[in-house]
Amino acid sequence: MLQVPFIRENKDLVITRLAKRNIDATQMINDVISFDEERRRIQTELDNTLAESNALSKEIGNLYKSGEAQKANILKEKTSQLKETSKELNDALNTKSDELNQLLYKIPNVPNEMVPNGTADTDNLEVFKEGAIPVLHEGALPHWELAKKYDIIDFELGNKIAGAGFPVYKGKGARLQRALIAYFLDKNTAAGYTEYQLPHLVNEASGFGTGQLPDKEGQMYHVTEDNLYLIPTAEVPGTNIFRDVVLNESELPVSITGYTPCFRREAGSYGAHVRGLNRLHQFDKVEILRVEHPTKSYEALDGMVAHVKTILQELKLPYRILRLCGGDLGFTSALTYDFEVFSTAQDRWLEISSVSNFETFQANRLKLRFKNSDGKNELAHTLNGSSLALPRVLAGILENYQTEAGIVIPEVLQAYTGFKIID
RNA sequence: GGAGAAAUGGCAGAGUGGUCGAAUGCGGCAGUCUUGAAAACUGUUGAGGGUCACACCUCCGGGGGUUCGAAUCCCUCUUUCUCCGCCA
């Protein structure tokens, strides 16, 4: 959620930057400013009324003390009048504040000036590419065929137990999953991230804190009996660690990592592009998350990108990095880099990581602040990224490492899997 | 699930109708002393709104009520703790 004083002071900039998302925010921004003015006007009026009645109450107390009950009773009548007025003003204030907030929830984050213009994923800017695309043998298969051939993932069994999009990993497939999780966590902790195990269900306040609620509840599984949501990403419980927290400046930056399953309803997404592991209702992901000083968040973003790079280099997978254009940028993000691994057998790029700087957008909702050098509470910046999402990394490994003899396990993973080939 | 107790500032903890945004201790910050540090001493130190700055307003778990006036009384919800039950 954007900060109203920021909007007030940077109206034109906000409108221009939001235009990168291909929206004309002029009306919304003007409304924010006028709603806020109105809100402050009512607030002032209410404050004055309350001040008056506070003063009268004090006076009444003094009159009783000095035994002048009659005078006190006269004043009492006055206060009942003020009470009514303040009740009315208070209702008006609440209405106006709600109106303002409802509007603010609808306004996405202001894109960084580096965000390229564009309307779709085809407009994303490729900023880096590395890794040779392997030449596969005759008859190379997409990963869903390989999964069947080597009996390591059973999509139909998952369908029987839960439904489409809930695969069952078996044997070496299950072990490879576990190996990847352990490997990612080890890489992240070696880079200074503290490992956390987080709840897989969150309450409403947490969903709200990271921006899934309101409006996007349809994307999450909802346990109505207890009003809990299955997490769509570790970002939700991870970032909400810091809800209503004031950190000391010396505690920054905070770097945490965690493995969680992720649950996404992904309503209405069907077709060839969602085959196999490409899109699932339940998948595993290792997330990295940072809370940063506002002056250092972009440096941190670069650091996170560099970190994810090292993992892909070690896995020896062909990948590229995209800077997302305004049309593809997430609601809460100011700048996002996507990592994509090349799926040779499908001949297409698969998104495996998304690393974003949210600046103060999440922190404002979360009330995540730090005490700055002036001793004032200031909103911190939050960032997060996948390091990494499992299914498409797995797809990339299966497809790019396939040989006629079987699927070779990348060298760095062999210590974790305990085997060198799936055959 | 049953019974009881509790929820106050970064933490601990006092405060049962007005002078309480709130004692005290710890912690934090600044200073004195010191070559430096520690100790000691002195001062300072909750948040949000509002204002050029003051004034002023709101907040003692959440919501509602009683009262001229509520941290304090009443109702309700939530959470935590203790005991019992169940249990990986």
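Reminder, nothing fancy here: chain letters follow the sequence lines and each chain counts from 1. Because only heavy atoms are used, hydrogens play no part in the values below, and waters and symmetry mates are left out as well, while side chains stay in.
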Whom does [N] pair with, Watson-Crick or G-U wobble, provided both distances fall under 3.5 Å?
{"N": "rU32(B)", "value": "rA40(B)"}
{"N": "rG21(B)", "value": "none"}
{"N": "rC54(B)", "value": "none"}
{"N": "rA71(B)", "value": "none"}
{"N": "rG10(B)", "value": "rC26(B)"}
{"N": "rC81(B)", "value": "rG4(B)"}

Test: Lys172(A) cationic atom under 6.0 Å from Phe419(A) six-membered ring centre, within 45° of axis: yes

Distance under 6.0 Å and angle within 45° of ring axis: Lys285(A) vs Tyr259(A): no

Residue whose closest nucleotide on RNA chain B lies nearer the 5' end, Ile60(A) versus Asn248(A):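 Between the two, 5'-proximity favours Asn248(A).
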
Along RNA chain B (nearest heavy atom to each residue), the more 5'-positioned of Pro5(A) and Glu52(A): Pro5(A)

Sugar-phosphate, base or nothing in reach of Leu50(A), heavy atoms under 4.0 Å: sugar-phosphate

Polar pair under 3.5 Å, donor/acceptor by atom type, side chain Asn62(A), base rG18(B): no

Aromatic plane relationship, Phe208(A) with Tyr105(A) - under 30° parallel, 30 to 60° tilted, over 60° perpendicular: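 Geometry flag for Phe208(A) against Tyr105(A): perpendicular rings.
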
